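See below for the structure under consideration.
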Amino acid sequence: MNQPPVSSATPETTSSGGALFLAWAFVGIPLLWGVSQTFIKALDLFK
Amino acid sequence: MAEASLLDRSRTVAGPGYNRWLIPPAALAIHLAIGQAYAFSVFKKPLGALISGDPAAPAAADWTPTQLGIIFSIAIVLLGLSAAIFGKWLERVGPRKAMMAAALCFSGGFFIAALGVHLHNLWIVYFGYGVVGGIGLGIGYISPVSTLIKWFPDRRGVATGMAIMGFGGGAMIASPLSVALMDYFKTTGTGSLGVAATFLTLGVIYLIFMQFGVWTIRVPADDWAPAGYVPSTQESALITNNNVSADNALKTPQFWLLWVVLVTNVTAGIGVLETASPLVQESFSDAAMGAGRGVTAAAAAGFVGLLSLFNLLGRFFWSSASDKLGRKVTYAIYFGLGIVLYALIPTLGHNLQLALYVGVACVIISMYGGGFATIPAYLSDLFGKYQVGAIHGRLLTAWSTAGILGPLIVNFLHESRKAEGFTGAAAYQTVFYAMAVLLVVGLLANFAVTAVNAKYNEKGPVDAEPGGH
């Protein structure tokens, strides 16, 4: 049986869906941009 | 002092209901930044023409490609060394302080290197990007690993695969970004072909970007577990519920077998990555394919891009698959399938089967990336979660070793074949056969991995702040 977590300071509250979306967008957008740039470059192989 | 205390492990313990899916983006923020290292080659030509101002016609006083190649080598060696040295410190102070240290070192490395470029002093660049930046790479690489494993005990491969995928993705962002910045600064007349200003800008961008990871990362409470997760009471042969310290892990044969597993997998993969562009151009040249039908330099760059994509995808795909397949089976696939594919490459080159050749190379590179991403979960399975970050850090010395071994082996074998008069695909034949043999060694090492002897286990419950004893 799990016990409630014990925090020694400033416990976090439940994270909202908005925070989750923003967090993933923060890293996802640059990553997708980089992947798309690489993909475009890769297409040269098939020209 | 308030700022310092905010970085302490005790201030990063998540409270009830904290959504663990916020942790992978925090880890990705670090890995996407430090993955820039793989894009360093975009600076080689402009750095080699700072005096002449024309990359096509370097002056005698300009830095040579060999001198510039050392910058990346120093960074990769320091990555392995710092990961090994600072692993236990990381476990003690927690991921936030480690991520902050990584951000300061990594961005600081750019600032120092910018000064070196401005003064045209290569030693300052070596120290900045190579040493200081390399330390940032090592600490940054391992900083989120044990935290992710603690948050995702049920999906260790998925979690670490996501983070380490970021290291592959970082170069994809950095490469076009760096080129765009250099083009911009060249037109504004900042000098040094825009390289110094680009280094300064990248330092600022990465410092800010990595702060997202620093302030988002949380560690779970000691007794936290995902909803519905019940650790198996019946211990699997290769998944322990016990814990082995980083110091004790070094005394086990399992650690050294996995070191061999990593060094062979990475050395073989680097063999392909290092030579990708000349390899495909020489194997499928106009002379071999017919006038106008050979692979051009632009198409070869596309091939390199395609390999980067599969390197990225393989990190997530294979590491996630290992949660279902088991780590040992997954590595057996890397090596077993790898041996066949590496041995096949020269034949495909000889028969001029370009599409198959490209497809095989992509699968090979996906398994190279997968090898990096699966290793933290393998370590966690064998040694427990206690000091897995520190153990992973020590294992990364295998990466540094492979970073030196891979290019050495490839260049030596390739040059030897050329000296014997072989050209095109035939000049690379022994390279691929040698890599296949290397993978046999890795396969045997992986087969030899068994459960860790119980005498190495920590006795009793482990501390919340492990390295502190």
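The shown structure was predicted, so the numbers you read here are calculated from the model rather than taken from an experiment. Order of the sequence lines fixes the chain letters, A, B, ..., with proteins taken first and strands second; residue numbering starts at 1 for each chain.
- Looking at heavy atoms from C-beta onward, B:Ile173 lies out of side-chain contact with A:Val35 at the 4.5 angstrom threshold.
- Residues A:Ala42 and B:Gly305 come closest through the heavy atom pair CB-C, 4.3 Å.
- With a 4.5 Å cut-off on non-hydrogen atoms, A:Leu31 touches chain B through its backbone and its side chain both.
- Partners of B:Tyr368 by ring-ring contact (aromatic ring centres under 6.0 Å, His included), not counting sequence neighbours, listed by chain and number: B:Phe372.
- Closest heavy-atom contact between A:Ala23 and B:Pro25: O-CB, 3.6 Å.
- Interface remark: B:Leu354 contributes no atoms to any contact with chain A (heavy atom separation under 4.5 Å).
- Under the side-chain contact (heavy atoms from CB on, under 4.5 Å) criterion, B:Ala301 pairs with A:Lys41, not counting sequence neighbours.
- Between A:Phe26 and B:Thr216 there is no side-chain heavy-atom pair separated by less than 4.5 Å.
- Across B:Leu177 and A:Trp33, no two heavy atoms sit closer than the pair N-CH2, 3.9 Å.
- Between A:Trp24 and B:Leu28, the closest side-chain pair of non-hydrogen atoms falls below 4.5 Å.
- With values rounded to the nearest 0.5 angstrom, A:Leu20 atom CG is found 5.0 Å from B:Asn19 atom CG.
- For B:Val358, the part lying near chain A is the side chain, with the backbone staying farther off; criterion is any non-hydrogen pair under 4.5 Å.
- Looking at B:Leu306, both its backbone and its side chain come within 4.5 Å of chain A, counting heavy atoms on both sides.
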